[in-house]
Amino acid sequence: MRVFISGAAGFLGSHLTDRLIKEGHTVIGLDNFITGNRANLAHLADNPKFSLMEQDVSKFIAVDGELNFVLHLASPASPSKSSPLGYPNLPIQTMKAGALGTHNTLGLAKIHNAQFLLASTSEVYGDPLVHPQPESYWGNCDPVGVRSVYDEAKRFAEALTMAYHNFHGLDTRIVRIFNTFGPRMRLDDGRSVPNFIQQALRGESLTIYGTGEQTRSFCYVDDLIDGIRLLMDSDEHMPVNIGNPQEVSIIEFAVRINELTGNTAGLQINASERLGDDPERRQPDITRAKTILGWEPRVSLRDGLSETIDYMRMKMENNLS
Ligand code: NAD
Ligand code: UDP
């Protein structure tokens with residue numbers, strides 16, 4: 001296949017690019033590096049199966065020649081209000097990537113008669129009132145809340161994807177990604193995983209926003225990429241949750257990281273850093289992924305964290321982000 005990936009320099013986009021190239025496909029990546037990292041693609045610089053368009057996805061995109069698959073991953077993804085890479089600090093760019101970027105990449109797929117995949121998110125469920133979250137749940141979102149620039153852009157993106165499917169007959173997929181972590185996350189994007197691991201490796205106490213009783217379910221990146229590949233090869237058009245159903249409180253998660261790094265500095269409650277509509281509980285119902293794709297995660301939290309800690313230690317020792 002000749003595949004187009006927006007957000008190719010990001011955490012997930014670069015792993016997906018690697019997977020597809022390893023399988024023998026050709027990848028055209030697009031990125032404007034607003035939250036991405038050139039280092040994530042450096043190893044592909046001389047690979048004839050990879051090329052990069054340095055461009056904003058919310059501007060018109062032209063690609064010559066055949067395209068078989070278009071994947072739209074470009075979007076800020078961190079909810080941090082203290083990192084400049086967090087979407088609360090990139091509100092218009094986030095809405096444009098989800099709205100105009102989805103329109104442009106759908107248009108690109110349509111003109112090339114290519115298949116299309118949208119990277120959506122568990123954030124479409126907002127602060128969920130149904131637990132765990134199945135795809136049939138409509139969500140609990142505040143359209144003007146602090147997370148709305150991300151949530152509503154992704155909800156619009158899903159609606160536009162379905163409109164192209166239903167009206168133009170485009171062959172589309174929607175993956176709802178739950179918290180995913182692993183090597184190539186940026187150390188400075190303010191998400192819980194890089195924050196906690198860096199604090200632990202520096203021997204500092206880990207900053208818990210709010211009470212720390214809020215939960216998340218963390219999926220290792222290799223499992224997530226397996227799920228996306230299976231979804232690409234399926235003929236499922238309705239949204240599919242991909243995530244690890246092992247739910248942990250943020251306190252439990254932070255304690256695990258302290259244990260794995262041997263950090264004895266403990267935890268520090270930082271209530272004021274918590275975003276207003278930070279979801280209380282989040283856990284994917286993966287029945288559809290299991291049934292339709294035969295997918296379920298295989299990597300344990302311990303193994304995934306160990307890989308990520310090794311990666312972040314290497315970055316810190318070399319003063320890299
Ligand atoms: P990331 O920030 O590492 O990657 C996003 C990439 O998109 C970056 O390289 C960034 O520079 C690029 N980008 C952003 N806006 C752009 C624009 N206007 N034009 C061109 N490029 C642009 O984040 P990630 O974690 O890899 O997330 C990738 C996708 O997966 C996002 O759409 C995100 O919403 C979705 N997602 C991720 C998670 C997760 O836990 N990692 C969870 C749910 C959804
Ligand atoms: N969080 C935290 N300390 C940090 C960063 C995040 O306690 O240094 C909390 C955050 O408030 C949220 C959870 O950890 O409740 C997961 O946050 P993350 O940044 O991973 O993304 P989210 O799941 O909220 O999109």
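In each ligand, atom 1 is the first atom listed, and ligand 1 is the first ligand listed. Both backbone and side-chain heavy atoms feed into the values below; hydrogens, waters and symmetry mates do not.
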Q: Around atom 21 (O) of ligand 2, find the nearest protein heavy atom and jot down its residue, atom name and distance.
A: P79 CG, 3.5 Å
Q.
As a quick check of understanding, evaluate salt bridge (Lys or Arg N to Asp or Glu O under 4.0 Å) for E123 and K154, giving each step before the final call.
A. CA-CA 8 Å; E123 286 278 344; K154 292 288 187 181; over 6 Å; no
Q: Look at ligand 2 and say whether G210 reaches it with a heavy atom at a distance under 4.0 Å.
A: no
(Q) Side chains of Q283 and T215: any donor to acceptor distance under 3.5 Å? (A) no
**Q.** Protein contact of atom 3 (O) of ligand 1 - nearest heavy atom, named by residue and atom, plus distance
**A.** F11 N, 2.8 Å
(Q) Suppose the criterion is side chain to side chain donor-acceptor pair (under 3.5 Å): which pairs have a residue in residues 43-54, not counting sequence neighbours? (A) D18-H43, R38-E54
Q. Got the closest protein heavy atom to atom 14 (O) of ligand 2, with its distance?
A. I250 CD1, 3.5 Å
Q.
Tell me the nearest of S80, S83, P279, S192 to atom 19 (O) of ligand 2, using heavy-atom distances.
A. S192
Q | Under 4.0 Å to a heavy atom of K154 - the qualifying atoms of ligand 1, by number | A | 31 (C), 32 (O), 33 (C), 34 (O)
Q: Is it possible for you to say whether V124 and I242 belong to one hydrophobic cluster, with membership spreading through side-chain heavy-atom contacts below 4.5 Å?
A: no
(Q) Using a 4.0 Å heavy-atom cut-off, which part of F181 comes near ligand 1: side chain, backbone, both, or neither? (A) neither
Q: Report the relative orientation of the aromatic rings in Y220 and F181; use parallel for angles under 30°, tilted for 30 to 60°, perpendicular for over 60°.
A: perpendicular
Q. Is the closest heavy-atom distance from G101 to ligand 1 below 4.0 Å?
A. no
Q) Going by atom types alone, do N241 and Y137 pair a side-chain donor with an acceptor below 3.5 Å? A) no
**Q.** Shortest protein heavy-atom distance from atom 11 (O) of ligand 2, along with the residue and atom involved
**A.** D278 OD2, 2.7 Å
Q) Tell me, which protein residue and heavy-atom name are nearest atom 30 (O) of ligand 1, and how many Å apart are they? A) L12 CD1, 3.6 Å
**Q.** Residue portion contacting ligand 1 (non-hydrogen atoms closer than 4.0 Å) for F33
**A.** backbone
Q) Considering only heavy atoms of R191, which atoms of ligand 2 have at least one such atom less than 4.0 Å away? A) 19 (O)
Q: Find all atoms of ligand 1 within a distance of less than 4.0 Å from any non-hydrogen atom belonging to D56, and give their numbers and elements.
A: 17 (C), 18 (N), 19 (N)
Q | Protein heavy-atom partner closest to atom 9 (C) of ligand 2 - residue, atom, separation in Å | A | Q214 NE2, 4.0 Å
Q) Which of the numbered atoms in ligand 1 are below 4.0 angstrom from a heavy atom of G36? A) 8 (C), 9 (O), 10 (C), 11 (O)
Q: Identify, for atom 19 (N) of ligand 1, the protein heavy atom at the shortest distance, and state residue, atom and that distance.
A: V57 N, 2.8 Å
Q.
Could you identify the single nearest non-hydrogen protein atom to atom 38 (C) of ligand 1 and state the distance to 0.1 Å?
A. I177 CG2, 3.8 Å
**Q.** Protein contact to atom 3 (N) of ligand 2 [nearest heavy atom, distance to 0.1 Å]
**A.** T207 O, 2.6 Å
Q | Distance from atom 39 (C) of ligand 1 to nearest protein heavy atom, with residue and atom | A | R191 NH1, 3.6 Å
(Q) Checking side-chain polar atoms at under 3.5 Å, does H103 have a donor or acceptor matched by the opposite partner on Y164? (A) yes
Q) What residue and atom, counting heavy atoms only, is the protein's closest point to atom 5 (C) of ligand 2, and at what distance? A) Y209 CE1, 3.3 Å
Q: May I ask you to check whether R282 has an N/O atom sitting below 3.5 Å from an N/O atom of ligand 2?
A: yes
(Q) I want to know if ligand 1 touches G10 in the polar sense, i.e. an N/O pair below 3.5 angstrom. (A) yes
Q | Heavy-atom nearest option to atom 25 (O) of ligand 2, drawn from Q198, E213, R147 | A | R147
**Q.** Residue and atom name of the nearest protein heavy atom (relative to atom 36 (N) of ligand 1), distance in Å to one decimal
**A.** Y150 OH, 3.8 Å
Q: Using a strict cut-off of 4.0 Å, indicate which atoms of ligand 1 neighbour a heavy atom of L30.
A: 20 (C)
Q) Looking only at N/O atoms, are P76 and ligand 1 under 3.5 Å apart anywhere? A) no
(Q) Checking contacts here: is it the side chain or the backbone of H72 that comes within 4.0 Å of ligand 1, counting heavy atoms only? Could be both or neither. (A) neither
Q | atom 40 (O) of ligand 1 - nearest protein heavy atom and its distance | A | T180 N, 2.8 Å
Q) Does ligand 2 have any atom that is closer than 4.0 Å to a heavy atom of E273? A) no
Q | E123: numbered ligand 2 atoms lying under 4.0 Å from its heavy atoms | A | 25 (O)
Q) Based purely on interatomic distance, does G13 place a nitrogen or oxygen under 3.5 Å from a nitrogen or oxygen of ligand 1? A) no
Q: Taking only Lys NZ, Arg NE, NH1 and NH2, and the carboxylate oxygens of Asp or Glu, determine whether R216 and D278 approach each other closer than 4.0 Å.
A: yes
Q: Could you tell me which atoms of ligand 2, counted from 1 in the order shown, lie closer than 4.0 angstrom to a heavy atom of N195?
A: 4 (C), 5 (C), 8 (O)
Q. Looking only at N/O atoms, are L73 and ligand 1 under 3.5 Å apart anywhere?
A. yes
Q) Quick check: does T35 get an N/O under 3.5 Å from an N/O on ligand 1? A) yes
Q. Is there at least one pair of N or O atoms, one from S58 and one from ligand 1, spaced under 3.5 Å apart?
A. no
Q. Among A77, A9, A119, which one has a heavy atom closest to atom 27 (O) of ligand 1?
A. A77
Q) Looking at atom 22 (C) of ligand 1, what's its closest protein heavy atom, distance included? A) N32 OD1, 3.1 Å
Q. Going by the atom numbers of ligand 2, which of them fall below 4.0 Å from some non-hydrogen atom of N179?
A. 20 (O), 21 (O), 22 (P), 23 (O)
Q) So, D226 and R229, do they make that salt bridge, N to O below 4.0 Å? A) no
